[in-house]
Amino acid sequence: MILNDKLKLLSDGLASLGCPVHHYHRSRLEPPCIVWAEEGANAQHADNGVAEQSPRGTLDYFTHDEFDPMVDSIQGKLQELGIAWGLNSVQYEEDTDLIHYEWVWEV
């Protein structure tokens with residue numbers, strides 16, 4: 001699978017959750033919303049070239065709701081798509097009154 005196909009897999013999978021999804025930045029839309037971005041890639045090299053590329057990045061979810069069920073839906077979707085992931089942090093943002101979940105992922 002080529003790079004853009006792997007990124008499209010993630011993008012389409014997140015869009016299927018029924019929550020607004022943004023690539024790179026959070027728009028002016030009200031939460032809840034998902035923002036994801038690729039940040040680089042790991043590569044397997046062979047024959048003086050790249051044999052396999054695994055993009056990695058972050059996925060952020062912003063919500064006002066404690067125990068928001070979308071958190072489990074996001075993790076379930078990543079699992080379903082075969083995307084490696086880990087919950088990196090959960091933060092409360094006082095200035096926006098938002099709970100901010102951040103996952104790291106690699107596909």
(message) Please determine whether side chain to side chain contact (heavy atoms under 4.5 Å, CB included) holds for the pair Thr58 and Glu39, giving the CA-CA distance in whole Å, both sets of side-chain angles, and the decisive distance to 0.1 Å.
(response) CA-CA 7 Å; Thr58 57; Glu39 297 174 350; 3.1 Å; yes

(request) Please report the C-alpha distance between Ile99 and Phe67 in whole Å, then the side-chain angles of each, then the deciding distance to 0.1 Å, and finally whether the side chain to side chain contact (heavy atoms under 4.5 Å, CB included) criterion is met. (result) CA-CA 10 Å; Ile99 302 168; Phe67 306 114; over 6 Å; no

(request) Examine the side chains of Tyr92 and Asp97 and answer whether a donor and an acceptor come within less than 3.5 Å of each other. (result) yes

Kindly list each side-chain donor-acceptor pair under 3.5 angstrom involving residues 9-18, sequence neighbours excluded, with atom names and distances?
from: Asp12; atom 1: OD1; to: Lys8; atom 2: NZ; distance (Å): 3.2
from: Ser16; atom 1: OG; to: Gly13; atom 2: O; distance (Å): 2.6
from: Ser16; atom 1: OG; to: Lys77; atom 2: NZ; distance (Å): 3.3

(request) Please examine the side chains of Leu3 and Pro55, heavy atoms only from C-beta on, and report whether any two atoms are closer than 4.5 Å. (result) yes

(request) Taking atom types as modelled, find out whether Glu106 and Trp85 have a side-chain donor-acceptor pair closer than 3.5 angstrom. (result) no

(request) Please lay out, stage by stage, how Tyr101 and Asp60 fare under the test side chain to side chain contact (heavy atoms under 4.5 Å, CB included). (result) CA-CA 6 Å; Tyr101 293 83; Asp60 299 274; over 6 Å; no

(request) Report the distance from atom CG of Asn88 to atom CG of Leu59, rounding to the nearest 0.5 Å. (result) 11.5 Å

(request) Kindly check if the number of other-residue, nucleotide or ligand heavy atoms within 6.0 Å of CD (Glu94) is above 12? (result) no

(request) Could you grab the distance from atom OH of Tyr61 to atom CD of Gln75, nearest 0.5 Å is fine? (result) 12.0 Å

(request) To the nearest 0.5 angstrom, please state how far the SG atom of Cys19 sits from the CZ atom of Phe62. (result) 11.0 Å

(message) Could you work out, with ring pair (Phe, Tyr, Trp, His ring centres under 6.0 Å) as the rule, every residue matching His23, not counting sequence neighbours?
(response) Trp36

(message) Would you say Val21 ends up clustered with Val104 if hydrophobic residues are merged whenever their side chains have heavy atoms under 4.5 Å apart, either directly or through other cluster members?
(response) no

(message) Does any part of the side chain of Glu38, heavy atoms only, come nearer than 4.5 Å to the side chain of Leu7, both counted from C-beta?
(response) yes

(request) Determine whether His64 and Leu98 make a side-chain contact, defined as any pair of heavy atoms from C-beta on separated by less than 4.5 Å. (result) yes

